[in-house]
Amino acid sequence: MYIPEDLPQRIKDTDAKVMEFLQPVFAGVEDIRDRNIVRVLNAFCNNRIASRHMGGSTGYGYGDEGRERLDSLMAEIMGTESALCREQFMSGTHALTVALFGLLRPGDTLLAATGKPYDTLLKVIGVDEDTTGSLKNFGVKYDECPFKGTNPDYEMITAKAKNAAVVHVQKSRGYSQRRSLSNADVMKIADLVHGVNPKAVVFVDNCYGEFTETTEPGHVGADIVVGSLIKNAGGGIAETGGYIAGRADLVEFCADRLTAPGTGGEIGSWPTGHRNTYLGIFMAPQITAEAVKASIYSAALYTELGFDTNPKPGEAHYDIVTAINLYTPENLCKFCCGIQAYSPVDSNVAPTPWAMPGYTDEVIMAAGTFTGGASIELSSDGPLREPYTAYIQGALSFMSARYALLKTAEGII
Ligand SMILES: *Cc1c(COP(=O)(O)O)cnc(C)c1O
């Protein structure tokens, strides 16, 4: 097995031990990858994706068949009736916001079933303050079910779902130390919620979750599934965009919010064309597997080096994130600087902590990415708060992440 020459022997030995331990784990990741590659290829064939769909349109984009087929392709992949898969979504947060505002009405309750949602959604919802323009500001109520130990609190979810219009479920750990959710977990929550309140919309934030299993939330009972194309679902090739997939009537509400009531999903041009979006979706299972391997490897390596990680080696990865508790701000900064220094783009840049829009604490971010901020590419960031956790995600190729992590370890231990 190839081990780069320019590493100290001590690091090489650790790497060899970790790589040997991980071989059967990687075989499992490759099995999921292969099944997803076939699943996605079949979706391309079933939707008759053609070369004429790669081109773009201008103006209103009426009759942009490439746009329409992207929607139906994503619907099939996500296991849903309908979808909006659009370059016009600027980020995951934007797609999630469009979906929440599309589905919720004044007086409705949004129930977060898996604890506090991802940081950038707190201001969208108005969790901590009545931010201007937040859901709370529009009269939408918010309630939350924190995790009970390592699992969602199923009893509390069942009790509170009776009064909820939308039940938010987040697959990925995000910037928290809880475990990621499998689609089996999503199914359990969806069944419980629909059992007590058939009208409740089970809303899954699928960011970082796509293609980590052989199914998607739409296959297991989610009513709406939302994600970003600069994470897993865009395969490192899509340059922007996101998706909202789900029940047709619900997706229509979201389409009316994305554009305007009356035009809904029928408009939207993307003059530079859809080629990279299609290609990215096609590559997504392959690239996600590389990222999952990087995530698994980083947990095993840093545990071996004496740090605490989440997930721990051997635990399941239903997202592409690994949290590494580095205990001091110095370590966190060194780690991020190391990842940046071994990135293909902007390797000469030294990241520093800053007050990033949408986040509560100062954040340090390493992202030497081809696509601005794309976290399907190797990137690492963490809020400057205890226990000084680096959240690492992505990698277009496992080997590049392995090398960057080994070089970074050299600087920390
Ligand atoms: C990344 C992420 C988001 C937000 O997506 P952005 O593209 O960063 O706006 C929301 N939820 C989860 C779970 C995420 O991982």
Side-chain angles (χ1 to χ4, degrees), residues 85-101 110 112-125 127 135 144 147 152 166-183 185-186 189 203-213 216-217 222 224-236 238-245 258 277 280 284 288 291-292 295 310-311 317-323 354 356-360 363 365-367 369 371-383 389-394:
C85 178
R86 303 292 173 106
E87 292 91 353
Q88 283 86 2
F89 288 121
M90 287 172 254
S91 64
T93 304
H94 182 212
L96 289 157
T97 301
V98 167
L100 290 171
F101 276 89
L110 168 66
T114 53
K116 222 173 219 165
Y118 189 79
D119 288 42
T120 59
L121 288 182
L122 302 181
K123 284 189 175 154
V124 174
I125 298 166
V127 171
L135 285 164
E144 195 174 284
F147 260 52
V166 171
V167 177
H168 166 280
V169 175
Q170 183 181 304
K171 281 205 70 179
S172 173
R173 72 198 64 242
Y175 288 114
S176 83
Q177 300 271 356
R178 64 128 165 120
R179 70 177 177 89
S180 52
L181 294 191
S182 68
N183 286 328
D185 298 315
V186 172
I189 295 173
F203 178 112
V204 177
D205 177 348
N206 204 23
C207 284
Y208 287 141
E210 301 93 347
F211 307 115
T212 58
E213 299 177 80
E216 297 298 338
I224 281 280
V225 188
V226 185
S228 163
L229 290 179
I230 62 166
K231 295 182 176 177
N232 308 19
E239 292 156 295
T240 187
Y243 68 88
I244 298 172
L258 170 64
T277 310
T288 300
V292 170
S295 181
N310 190 337
H317 287 242
Y318 301 117
D319 63 10
I320 61 166
V321 184
T322 292
W354 66 302
M356 217 182 128
Y359 294 82
T360 319
V363 177
M365 289 208 150
T369 59
T371 296
S375 44
I376 184 62
E377 300 183 47
L378 182 64
S379 49
S380 162
D381 43 68
T389 305
Y391 293 86
I392 183 161
Q393 60 269 318

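In each ligand, atom 1 is the first atom listed, and ligand 1 is the first ligand listed.
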Run the numbers on I224 and V166 for side-chain contact (heavy atoms from CB on, under 4.5 Å), then give the verdict.
-> CA-CA 10 Å; I224 281 280; V166 171; over 6 Å; no
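- Distance from atom 1 (C) of ligand 1 to its nearest protein heavy atom, with residue and atom name: K231 NZ, 1.3 Å.
- Of all protein heavy atoms, the one lying nearest to atom 9 (O) of ligand 1 is T93 OG1, 2.5 Å.
- Using a cut-off of 4.0 Å between Lys/Arg side-chain N and Asp/Glu carboxylate O, E213 and K171 are scored as salt-bridged.
- With a heavy-atom cut-off of 4.0 Å, I230 does not touch ligand 1 at all.
- For R178 (side chain) and S172 (main-chain N/O), a donor-acceptor pair under 3.5 Å exists by modelled atom type.
- Those atoms of ligand 1 with a heavy atom of G92 less than 4.0 angstrom away are 5 (O), 6 (P), 7 (O), 9 (O).
- The side-chain tip of K231 does not point at the ring of Y243 from less than 6.0 angstrom away and within 45° of straight on.
- Against a heavy-atom cut-off of under 4.0 Å, Q170 is close to the following atoms of ligand 1: 13 (C).
- Not a single heavy atom of R173 sits under 4.0 Å from any atom of ligand 1.
- Within the model, atoms OH of Y208 and CG of D319 stand 8.5 Å from one another, a figure rounded to the nearest 0.5 Å.
- Of the possible donor and acceptor atoms, none in the side chain of Q393 sits under 3.5 Å from a partner among the backbone N and O of I376.
- Distance from atom 13 (C) of ligand 1 to its nearest protein heavy atom, with residue and atom name: D205 OD2, 3.4 Å.
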